Amino acid sequence: APPVRGSVELRGVRFGYADGPDVLRGLDLVVPAGQTHAVVGSTGAGKSSLLRLVLRFSDPREGQVLLDGTDVRELGWDALRGAIGYVSQDVFLFHGTVRDNLAYGRVDATDEQVQEAARQAEAHAFITALPQGYDTVVGERGQTLSGGQRQRIALARAILRDPALLVLDEATSAVDTETEAAIQRSLAAVTASRTALVVAHRLSTVRDADRIWVLADGRVAEAGSHDELVEAGGIYAGLWAV
Ligand code: DGT
């Protein structure tokens, strides 16, 4: 197997929107290749802004964002897009079959590859239970599918592109425990062989992370494993009211 890559590093990152105030103020964070890290924090703490910088939707005012040791500003767009799989909170589905939605960005994929990705993302079972299976047409907003199902489709779509780094903005919408468990299995499978940075809104995701970064006021306020942070009794412990 090829070596796992996709390490991320933020060094002294300061960032703000347009001529607005800084929303990230000197952020330092490292995600070693192969690990899964979670970012948590209250609304407005800067979680989505952090992801924007890694994806290079925005550039920092100061400091550096590195992917596998290279400043993302020096990586070409093709290299960056090839290396990162992004699953946003608002999963984008287009009017077409489930299969075509899965193969978005990988039109060359065989049916076998599409189904293997769906299996890994815990999506195969519910897809085959749809009226026309993989040939079922979904609407632009994917109304035929639940939020949890849409996010698993997006995960399968990301796996199919086989990125070194998976960047996931977990959906905030409430899901039942069964769906949460399915998404969790999906995430575990998807992140097993790659690096992942997840803005996490579910305790199950956070618990399973190798390391948790707690953002507050644009800075890293706490970092550690779930147990360490609960033990510390700080912001993290308060977030989950454990
Ligand atoms: P969330 O999604 O509510 O859990 O909050 P975070 O932690 O993802 O925070 P983030 O990064 O969305 O927002 C940090 C700050 O930046 C907050 O004061 C709102 C502001 N902000 C976010 N997006 C934009 C934007 O597109 N334009 C401007 N001007 N400000 C933004």
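All values reported here derive from a predicted model rather than from experimental measurement. All ligand and atom numbering here is 1-based and tracks the order in the structure.
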I'd like to know whether OH of Tyr104 has more than 12 heavy-atom contacts from other residues, nucleotides or ligands below 6.0 angstrom. no
Atom 4 (O) of ligand 1 sits nearest the protein heavy atom Lys47 NZ, 2.8 Å
Would you check whether Ser48 has a nitrogen or oxygen atom less than 3.5 angstrom from a nitrogen or oxygen atom of ligand 1? yes
Judged by atom type as modelled, is there a donor-acceptor pair below 3.5 Å linking the side chain of Glu62 to the main-chain atoms of Arg14? no
When only distance counts, is Ala45 in polar contact with ligand 1, meaning an N/O pair under 3.5 Å? yes
Atom CG of residue position Asp108 - does it have more than 12 heavy atoms of other residues, nucleotides or ligands inside 6.0 Å? yes
Would the distance check show the side chain of Arg152 and the main-chain N or O of Gly148 forming a donor-acceptor pair, the cut-off being under 3.5 Å? yes
N or O pair under 3.5 Å between Gly41 and ligand 1: no
Pick from Phe57, Phe15, Tyr17: the one approaching atom 21 (N) of ligand 1 most closely through a non-hydrogen atom: Tyr17
Should the pair His124 and Tyr134 be assigned to parallel (<30°), tilted (30 to 60°) or perpendicular (>60°) ring geometry? tilted
In the complex you have, is atom 28 (C) of ligand 1 within reach of the protein, judged by whether a heavy-atom distance drops under 4.0 Å? yes
Determine whether any heavy atom of Gly44 lies closer than 4.0 Å to an atom of ligand 1. yes
State the atoms of ligand 1, each with its element, that fall below the 4.0 Å cut-off from a heavy-atom position in Val23. 15 (C), 16 (O)
Students should be able to answer this: which protein heavy-atom is nearest to atom 9 (O) of ligand 1, and at what distance? Gly46 N, 3.2 Å
With atoms numbered from 1 as shown, which atoms in ligand 1 lie under 4.0 angstrom from a non-hydrogen atom of Ser49? 10 (P), 11 (O), 13 (O), 14 (C)
How does Thr43 reach ligand 1, if at all, at less than 4.0 Å between non-hydrogen atoms: by side chain, backbone, both, or neither? both
Please work out whether any backbone atom (N, CA, C, O) or any side-chain heavy atom from C-beta onward of Ser42 is under 4.0 Å from ligand 1, and answer side chain, backbone, both or neither. backbone
Return the CD to CG distance between Gln120 and Leu160, rounded to the nearest 0.5 Å. 10.0 Å
Counting only N and O atoms by type, is there a donor-acceptor contact under 3.5 Å from the side chain of Arg150 to the main-chain atoms of Leu93? no
Report yes or no: does Ala18 have a heavy atom closer than 4.0 Å to ligand 1? no
Salt bridge (charged side-chain N to carboxylate O under 4.0 Å, His left out) between Asp162 and Arg194, worked out: CA-CA 9 Å; Asp162 196 25; Arg194 47 178 66 83; 2.7 Å; yes
Rounding to 0.5 Å, atoms CG (Asp100) and NE2 (His95) come to a distance of 11.0 Å
